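The structure presented is a predicted model; accordingly, all values stated were derived computationally and were not measured.
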Amino acid sequence: MKKKIAFITGSRAEYSLLKNLINEYKNYRSCYTFKIIITGMHLQKKFGSTFEEIVKDFPKNYIKIKLNLTKDDKNSINQYISEGIKKISIFLKKNNFDFVYVAGDRTEIFAASIACYYMRIPIFHIHGGEVTNGSLDDSIRHSISKMSYAHFVSHSAYKKRLIQIGENKNHIFNVGALAVDSINKFKFQSKKKLIEKYNLKIKKKNLLVTFHPDTINNSDNERQIRILLSSISFFDDIYFLFTLPNNDSQNSIIIKNIKKYVKQNSNSSVVASLGQLDYFSIINIFDGVVGNSSSGIIEVPYLNKGIVNIGDRQSGRIMSKKIINTKIETNSIILGIKKLYSTNYQNQIKKSEKIFGSKNISKKITQYANKLVIEKRKFKIFKDIKFKC
């Protein structure tokens, strides 16, 4: 009898990770059937719905679970997670899945993981063991790891961290970052096509801006986005293309300020969501990325483009030497952007530095997973490590 797998995705970023892994399972049609549970931001037009992209990729293998996020305050996020647990549990009850893949640390993934855990469905977690000190996602990611049966991490340091929190080292596999597969397989869109599709106002210098809310200190988000926009306004010779943030609490403050800025500054424009191919195609023709997105830490260095990482949201991650870290201060950001365009830095980013693997990440995951699913399933136990205190 074929094993049944579910892939759960709630955001554009994490679907871009899972896509190649799902495609890899097409090589095992005789062994597995799969469903993609589409939820979260994919079904929210405000954030540039990416539902159509998934349906185009896998027209016969998806199910929609719409969650309602009416506001972006703390209480609404709690209700959103609660609704996610309830609705996803109902679907899981009707389908006897053998295991479920989740990636990252989003609120929808947290809700799905809780539902899977209490229904005794083994969770295979991708990108666990990482640290993002400047985000609530940090604790959510570790919580998902503690509920997960197996782990596919992007770096040896992250494997060590999972062992540190009591996970079975025999169920932790350092495979690299799934995004590497996507970058290796991309046939980038042409510059001409991208300009026409998004009405880009290309200049000699061009930067993509992706900035997410501070989920730890919500009261600081308006100050932070205004500092970023004030810093960017210093450069009238650079074209800035903004993408909108995730549906974290206080996202509306970021969106409001970005849209106001774009209306007042002709060397800028905004797109809700680009999708995976167009996102990296635009980075490919641009000079780099400014903001606090994890894509700037993991994927962009593989494209040999500049990265100005702002603030503490990504602090704690393993980082390429190519990344320019700045404070959320006008002077610091301006100096960071100037450094990105310096001759020394431009020479530096041309050098290849593959710290999150180089190829066949999806294949490695499926091979390890194939061995795990034939094990007799056991309830997880905490693994102690010896240390002196």
Side-chain angles (χ1 to χ4, degrees), residues 4-11 13-15 17-18 21 34-44 62-132 135-153 158 161-162 165-168 171-172 215-216 246-249 369 372-373 377-383:
K4 293 178 68 176
I5 315 170
F7 297 87
I8 303 176
T9 176
S11 74
E14 130 228 303
Y15 173 66
L17 300 179
L18 291 172
L21 178 60
F34 67 85
K35 282 285 184 188
I36 304 167
I37 300 174
I38 305 172
T39 186
M41 290 171 60
H42 291 304
L43 306 175
Q44 298 168 8
Y62 71 90
I63 179 77
K64 291 193 298 182
I65 299 180
K66 186 171 176 58
L67 305 179
N68 298 303
L69 184 62
T70 52
K71 297 179 181 178
D72 62 357
D73 56 43
K74 297 172 186 176
N75 187 53
S76 296
I77 296 293
N78 281 337
Q79 292 175 2
Y80 184 70
I81 293 170
S82 176
E83 184 186 12
I85 296 170
K86 181 179 179 180
K87 288 187 174 180
I88 293 169
S89 293
I90 291 169
F91 175 72
L92 293 174
K93 188 178 179 181
K94 296 176 182 177
N95 295 268
N96 187 26
F97 290 108
D98 292 282
F99 59 98
V100 170
Y101 276 108
V102 299
D105 45 46
R106 301 289 308 152
T107 50
E108 304 89 356
I109 301 308
F110 185 45
S113 298
I114 293 172
C116 290
Y117 183 76
Y118 279 102
M119 297 189 79
R120 308 295 192 271
I121 302 171
I123 300 166
F124 288 6
H125 187 206
I126 298 166
H127 276 289
E130 300 180 12
V131 168
T132 48
S135 169
L136 287 177
D137 295 348
D138 198 47
S139 294
I140 292 173
R141 187 185 315 106
H142 298 321
S143 298
I144 294 171
S145 290
K146 288 309 303 175
M147 291 186 280
S148 298
Y149 181 73
H151 312 272
F152 301 100
V153 300
Y158 301 147
R161 188 169 288 123
L162 288 176
I165 63 172
E167 292 302 289
N168 183 350
H171 284 188
I172 309 169
T215 52
I216 292 178
N246 292 328
N247 61 346
D248 295 315
S249 59
L372 287 172
V373 296
R377 191 188 309 170
K378 296 178 181 178
F379 192 75
K380 279 181 61 173
I381 60 172
F382 192 95
K383 296 286 183 178

When rounded to the nearest 0.5 Å, the distance separating CG of Asp105 from NE2 of His127 is 10.0 Å

Any heavy-atom pair between the side chains of Ile37 and Phe7 that's under 4.5 Å?
no

Is there a side-chain contact between Ile5 and Tyr101, using heavy atoms and a 4.5 Å cut-off?
yes

Ignoring hydrogens and geometry beyond distance, is a side-chain donor-acceptor pair present between Thr9 and Glu14 at under 3.5 Å?
yes

Taking all non-hydrogen atoms of both residues, which atom of Met119 and which atom of Ser89 are closest, and how far apart?
SD-O, 3.7 Å

Min side-chain heavy-atom separation Phe124-Leu372 under 4.5 Å
yes

At what distance, to the nearest 0.5 angstrom, does SG of Cys116 lie from CE of Met147?
9.0 Å

Pairwise side-chain contact, Val102 with Ile126, heavy-atom cut-off 4.5 Å (strictly under)
no

Aromatic ring proximity, centroids under 6.0 angstrom, Phe99 and Phe97
no

Residues that Tyr80 engages under ring-ring contact (aromatic ring centres under 6.0 Å, His included), provided they are two or more places apart:
none

What is the distance from atom OG1 of Thr39 to atom CD1 of Ile8, rounded to the nearest 0.5 Å?
9.0 Å

Is there a donor-acceptor pair under 3.5 Å between the side chain of Arg141 and the backbone N or O of Gly129?
no

Once rounded to the nearest 0.5 Å, what's the spacing between atom NE2 of His151 and atom CG of Asn168?
8.0 Å

Taking the side chain as everything from C-beta on, heavy atoms only, tell me whether Tyr15 gets closer than 4.5 Å to His42.
yes

Rounded to the nearest 0.5 Å, what's the gap from CD1 on Ile165 to OG on Ser143? Could you check?
9.0 Å

Under 3.5 Å, is there a donor-acceptor pair between the Arg161 and Ser145 side chains?
no

Run the numbers on His125 and Phe152 for ring pair (Phe, Tyr, Trp, His ring centres under 6.0 Å), then give the verdict.
CA-CA 6 Å; His125 187 206; Phe152 301 100; 9.8 Å; no

Rounded to the nearest 0.5 Å, how far apart are CD1 of Ile63 and CG of Asn95?
8.0 Å

Mind checking side-chain contact (heavy atoms from CB on, under 4.5 Å) for Ala111 and listing every partner two or more places apart, or none if nothing turns up?
Ile81, Ile85

Are the side chain of Ser113 and the backbone N or O of Ile109 linked by a donor-acceptor pair below 3.5 Å?
yes

Run the side-chain contact (heavy atoms from CB on, under 4.5 Å) test against Lys87 and tell me which residues pass, sequence neighbours left out.
Ile65, Leu67, Asn68, Glu83

Flag the pair Asp137 / Arg106 as yes when at least one side-chain heavy-atom distance between them is below 4.5 Å, and no otherwise.
yes

Do Tyr149 and Ile123 make a side-chain contact, defined as non-hydrogen atoms from C-beta onward lying under 4.5 Å apart?
no

